[in-house]
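Structure record follows, encoded as structure tokens.
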2 protein chains.
Amino acid sequence: MQAKVLREFSRGRHKHSACITDALKAAEHSCKERGIRFTAIRRRVLELVWASHEPVKAYDVLDILRNERSSAAPPTVYRALEFLLEEGLVHKIESLNAYVGCGEPGHLDSGQFLICSSCGEVAELDDPELVKLITEKAKQIGFSIKDQIVEILGCCSQCLSSK
Amino acid sequence: MQAKVLREFSRGRHKHSACITDALKAAEHSCKERGIRFTAIRRRVLELVWASHEPVKAYDVLDILRNERSSAAPPTVYRALEFLLEEGLVHKIESLNAYVGCGEPGHLDSGQFLICSSCGEVAELDDPELVKLITEKAKQIGFSIKDQIVEILGCCSQCLSSK
DNA sequence: ATATGTAATGTTATAATATAACATTATATA
DNA sequence: TATATAATGTTATATTATAACATTACATAT
């Protein structure tokens, strides 16, 4: 069984304005459906997170936001990120303290991330087989799962081949 | 196939001084074997990490160390932790920014962690099947793995049954 | 036993990440 | 239009981690 790739490594091509547009539309739709407010700040933070191929730091978002909105401060960004995380619109990469747009908004599992330490990009997989195996292992010792974090560190194929 | 449990949930019993002693002995042995210095600071930090059933924060270690050694400062602790991480004597739990003793020092894989949000304890598994599956999935998209982070959040059996 | 290079630790300062707490404003809807 | 709630503004501070340079301890070559 092949894992579904929710987010690919960019491989130099792919200036992903289309991804951003799609992500914003999907977010808008998903929020409207649930009667949740997709405010200007939240939209803009999501856009900034998507704007980079690499995971984005909260304070990098803040630096940009400050140029646009004099009132921007750490809570501005962290609240927006918290909202986006809760709504499944972004993921936090724990090992980097950074954020990426969710490849499939609204989607249930938390995703598995491949982190290339060479180019800094991150791919997202959705692999039900892996999720299932982890769930089974936990069950064997009576552990009830709320969330799974899978972050795979290494080198992507593009970077490997350009060495 | 059953995962090997490198570190168990304590379940109230198990005041684990024996674990600490074993861990220190194993660490000493492993360092001696490799001609690496297991200094007093490093030993003490490892001991303090092991002293708790729960993952330990760097600054909690520092608070204790300050009472024993007037020169203790953040770098004292972070350097010791960095050393212990490199030598495979402790693990960092990325989602908690905290550290646990490695259930099997010197051991190759990075372990899979079950984190109970109720009691705060962490169990460590070594599951070759899971490692293998992750490795295969990565391979399918041409990704070369350096390290795997698996942190499973939820509730341990003890806490589940005491609800 | 002493000199010497390297590794470890000491010391000070600061960077990077994140949250608390309370005030104000905007929005939905009764 | 009043009101409750959610969102944002604002200030301050907590938490986590590293940089940079000085000093000390240790291993080992002589």
Side-chain angles (χ1 to χ4, degrees), chain A residues 27-28 31-46 48-49 52 54-87 89-100 120 149 151, chain B residues 27-28 31-46 48-49 52 54-87 89-100 120 149 151:
Chain A
E28 191 156 3
C31 287
K32 184 167 279 175
E33 214 172 40
R34 303 200 246 176
I36 280 163
R37 286 200 234 165
F38 193 51
T39 63
I41 292 178
R42 290 166 175 177
R43 161 185 291 275
R44 182 61 177 139
V45 170
L46 180 58
L48 290 172
V49 168
S52 168
E54 298 172 33
V56 170
K57 300 277 187 171
Y59 275 77
D60 290 343
V61 171
L62 179 55
D63 287 343
I64 297 170
L65 224 51
R66 279 196 209 275
N67 295 326
E68 303 172 354
R69 181 180 279 268
S70 64
S71 66
T76 313
V77 173
Y78 281 102
R79 282 168 184 158
L81 289 171
E82 185 185 24
F83 170 86
L84 297 169
L85 286 166
E86 277 167 3
E87 298 306 317
L89 299 169
V90 304
H91 294 290
K92 181 175 184 184
I93 306 297
E94 294 291 346
S95 60
L96 299 175
N97 294 318
Y99 303 82
V100 292
I149 297 169
E151 297 180 9
Chain B
E28 193 157 0
C31 288
K32 184 167 281 175
E33 214 171 40
R34 303 200 245 175
I36 281 163
R37 286 201 235 165
F38 193 50
T39 63
I41 292 179
R42 291 165 174 178
R43 162 186 290 275
R44 183 60 177 141
V45 170
L46 180 58
L48 290 172
V49 169
S52 168
E54 298 172 32
V56 170
K57 300 277 185 172
Y59 275 79
D60 290 342
V61 171
L62 179 56
D63 286 344
I64 296 170
L65 224 52
R66 278 196 208 275
N67 295 325
E68 303 173 353
R69 181 180 278 268
S70 65
S71 66
T76 314
V77 172
Y78 281 101
R79 283 168 184 158
L81 288 171
E82 186 186 24
F83 170 86
L84 296 169
L85 285 166
E86 276 167 3
E87 298 306 317
L89 298 169
V90 304
H91 295 289
K92 181 174 184 186
I93 307 297
E94 294 291 346
S95 60
L96 298 175
N97 295 317
Y99 304 82
V100 292
I149 296 169
E151 297 181 9

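Numbers restart at 1 for each chain; the letters A, B, ... are given by sequence-line order, proteins then strands. Computation of the quantities below employed the complete heavy-atom set of this structure, encompassing side-chain atoms and omitting hydrogens, waters and symmetry-equivalent molecules.
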What is the nucleic acid contact for B:F38, judged by heavy atoms within less than 4.0 Å: base, sugar-phosphate only, or nothing?
nothing
Rounded to the nearest 0.5 Å, what separates atom OG1 in B:T76 from atom CZ in B:R44?
14.0 Å
Hey, does B:V100 have a side-chain heavy atom less than 4.5 Å from the side chain of B:I93?
yes
In this structure, how many angstroms lie between the P atom of D:dT16 and the CG atom of B:L85, rounded?
16 Å
Min and max contacting nt of DNA chain C in 5' to 3' order, chain A heavy atoms within under 4.0 angstrom, are C:dT17 to C:dT27
Taking the side chain as C-beta and beyond, is there a heavy-atom pair between B:I41 and B:V45 under 4.5 Å?
yes
Determine, stepwise, if the pair A:L89 / A:R42 fulfils side-chain contact (heavy atoms from CB on, under 4.5 Å).
CA-CA 10 Å; A:L89 299 169; A:R42 290 166 175 177; over 6 Å; no
In this structure, CZ of B:R79 is separated from OG1 of B:T39 (nearest 0.5 Å) by 11.5 Å
Tell me, do A:L81 and A:K92 make a side-chain contact under 4.5 Å, heavy atoms counted?
no
How many angstroms lie between CG in B:D60 and CG in B:L65, if you round to the nearest 0.5 Å?
12.0 Å
When rounded to the nearest 0.5 angstrom, what is the spacing between CD in B:E28 and CZ in B:R43?
4.5 Å
Would you say the side-chain atoms of B:E94 pair up with the backbone N or O of B:I149, donor to acceptor, closer than 3.5 Å?
no
First locate atom CG of A:L46, then atom CD of A:E87, and finally report the distance between them rounded to the nearest 0.5 Å.
11.5 Å
By nearest-nucleotide position on DNA chain C, the 5'-leaning member of A:A98 and B:I36 is B:I36
Where the side chain of A:K32 meets the backbone of A:F38, is there a donor-acceptor pair that is under 3.5 Å apart?
no
Whole-Å distance separating the CD1 atom of B:I93 from the C1' atom of D:dT16:
16 Å
Donor/acceptor link under 3.5 angstrom from B:Y59 side chain onto base of D:dA14
no
Assign each of A:R42 and A:N97 to its nearest nucleotide of DNA chain D by heavy atoms, then name whichever residue's nucleotide is nearer the 5' end.
A:R42
Residues of residues 72-81 of chain B with any non-hydrogen atom less than 4.0 angstrom from an atom of DNA chain D: list those, numerically ordered, please.
B:P74, B:P75, B:Y78, B:R79
Let me test you: for the helix from C:dA1-D:dT30 to C:dA30-D:dT1, what is the angle between the axes at its two ends (five pairs each), rounded to 10 degrees?
30°
Output the rounded distance in Å from CD (B:E82) to C1' (D:dT16).
15 Å
